[in-house]
K.L.:
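I'd like to ask some things about the structure below.
This structure is a prediction, so every number in the text was calculated from the model and none was measured.
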Amino acid sequence: MYSYRSVIILISLFVFFSCVNLQKKQAPQLLKGDLLFQDLDADSISNAIETVTGGTEKLSFSHIGILDYDKDGNPMVLEAISKGVSLTPLKVFLQRSANASGKSKVVVARLKPKYRDRINDALNYGKLLLDKPYDNVYVMGDSNYYCSELIYEIFDHTKDTTKIFQLHPMTFKDSKTGDYLPFWKKYYQNLGVEIPEGMPGLNPNGMFQSSHIDIVYRYDKE
């Protein structure tokens, strides 16, 4: 039979572990149309993108996708990657940017309620673009797509003309020196095209700062 002291200890331990569990933030139910901002850090081009787009906020996102569900209810990410516009299982998407602790460097954002009625039309249009080539020149207006361009274009093809994300002149220069990053100079030389400095475009770091979205979850902080 437990002594009074033993009972008090057991109750205290139960309360302690219950509080610990409550403090662990559980991943919310992701919704169709949620935006997944990803810090890849997987290769030199990801680092080069982050270097010229991080801005004063020192953001480090180099990729973005948008969540959808297939006919069986499986979460999929519509994204533009090296093989083209693709639907990727969410689990695969998250594993792609797992850090040393196994936590994915992904932050989930959600459109503010007034814009959410555009999601179905946006995703339906996005699925028409599946298998379109990746835009490795980062110039908008053709039939190739880079990650941010894809998200911009699918929402731009809905009936609502409100711009959720804004285009800005692109730069490929080091903000400290004002010179082109050596990576970008070599990158565009290999492609045989001029660096599209100043042309309209957008990037995950700039999109992350949109006033039309709310941050709902961080996988790297779970």
K.L.:
Within a strict 4.5 Å, meaning less than it, do heavy atoms of the Val77 and Ile66 side chains meet?
P.N.:
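Side chain of Val77 against side chain of Ile66, heavy atoms only: no contact under 4.5 Å found.
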K.L.:
Measure from the side-chain N and O atoms of Asp174 to the backbone N and O of Gly178, and report whether any donor-acceptor pair falls under 3.5 Å.
P.N.:
no
K.L.:
Hey, does Leu128 have a side-chain heavy atom less than 4.5 Å from the side chain of Asn124?
P.N.:
no
K.L.:
Can you name the residues that form a side chain to side chain contact (heavy atoms under 4.5 Å, CB included) with Leu130, not counting sequence neighbours?
P.N.:
Leu78, Val85, Leu87, Lys127
K.L.:
Between Tyr187 and Trp184, how do the two ring planes meet: parallel, tilted or perpendicular, split at 30° and 60°?
P.N.:
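Ring orientation, 0 to 90° scale: perpendicular.
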K.L.:
Scan for salt bridge (charged side-chain N to carboxylate O under 4.0 Å, His left out) pairs involving residues 128-153, sequence neighbours excluded, and state none if there are none.
P.N.:
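Sorted pair list comes back empty.
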K.L.:
Hey, does Lys103 have a side-chain heavy atom less than 4.5 Å from the side chain of Tyr219?
P.N.:
no
K.L.:
Once the angle between the rings of Phe172 and Tyr188 is folded into 0 to 90°, is it parallel (under 30°), tilted (30 to 60°) or perpendicular (over 60°)?
P.N.:
perpendicular
K.L.:
For the side-chain contact (heavy atoms from CB on, under 4.5 Å) test, which of Val108, Leu67, Leu111 pairs with Leu35?
P.N.:
Leu111
K.L.:
Under the rule for side chain to side chain contact (heavy atoms under 4.5 Å, CB included), what residues qualify as partners of Asp220, not counting sequence neighbours?
P.N.:
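Expected list: Arg218.
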K.L.:
Can you establish whether the number of heavy atoms outside Lys185 located under 6.0 Å from its atom NZ is more than 12?
P.N.:
no
K.L.:
Checking Gln95 against Ser104 for the side chain to side chain donor-acceptor pair (under 3.5 Å) test, could you report, in this order, the C-alpha distance in whole Å, the side-chain angles of both residues, the deciding distance, and whether it holds?
P.N.:
CA-CA 6 Å; Gln95 289 175 340; Ser104 182; over 6 Å; no
K.L.:
Determine yes or no for a side-chain-to-main-chain donor-acceptor pair under 3.5 angstrom, with Asp72 supplying the side chain and Asn74 the backbone.
P.N.:
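Not a single qualifying donor-acceptor pair exists.
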K.L.:
Between atom NZ of Lys105 and atom CZ of Arg96, what is the distance when rounded to the nearest 0.5 Å?
P.N.:
13.0 Å
K.L.:
Less than 4.0 Å between a side-chain N and a carboxylate O, is that true for Arg110 and Asp214?
P.N.:
no
K.L.:
Is a side-chain donor-acceptor pair under 3.5 Å present for Asp39 with Ser60?
P.N.:
yes
K.L.:
Would you say NZ of Lys112 has more than 12 non-hydrogen atoms from neighbouring residues, nucleotides or ligands within 6.0 angstrom?
P.N.:
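Correct, the count exceeds 12.
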K.L.:
Have Glu79 and Ser86 got a donor and an acceptor in their side chains that come within less than 3.5 Å?
P.N.:
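Judged by distance alone, the side chains do not pair up.
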K.L.:
Are any non-hydrogen side-chain atoms of Asn203 and Met170 less than 4.5 angstrom apart?
P.N.:
no
K.L.:
Taking the six-membered ring for Trp, are Phe165 and Tyr152 ring centroids under 6.0 Å apart?
P.N.:
no
K.L.:
Have Thr162 and Asp160 got a donor and an acceptor in their side chains that come within less than 3.5 Å?
P.N.:
yes
K.L.:
Tell me, do Thr158 and Tyr125 make a side-chain contact under 4.5 Å, heavy atoms counted?
P.N.:
no
K.L.:
Heavy-atom distance under 4.5 Å between the side chains of Phe37 and Val106, does that happen here?
P.N.:
no
K.L.:
Could you tell me if the side chain of Tyr146 sits less than 4.5 Å from the side chain of Leu202, heavy atoms only?
P.N.:
yes
K.L.:
Closer than 3.5 angstrom, by distance alone: can the side chain of Asp34 be matched with the main-chain N or O of Leu30 as a donor-acceptor pair?
P.N.:
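Not a single qualifying donor-acceptor pair exists.
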K.L.:
With no hydrogens and no angle check, is any side-chain donor or acceptor of Ser210 less than 3.5 Å from a backbone partner on His212?
P.N.:
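Pair found, side chain donor or acceptor close to backbone of His212.
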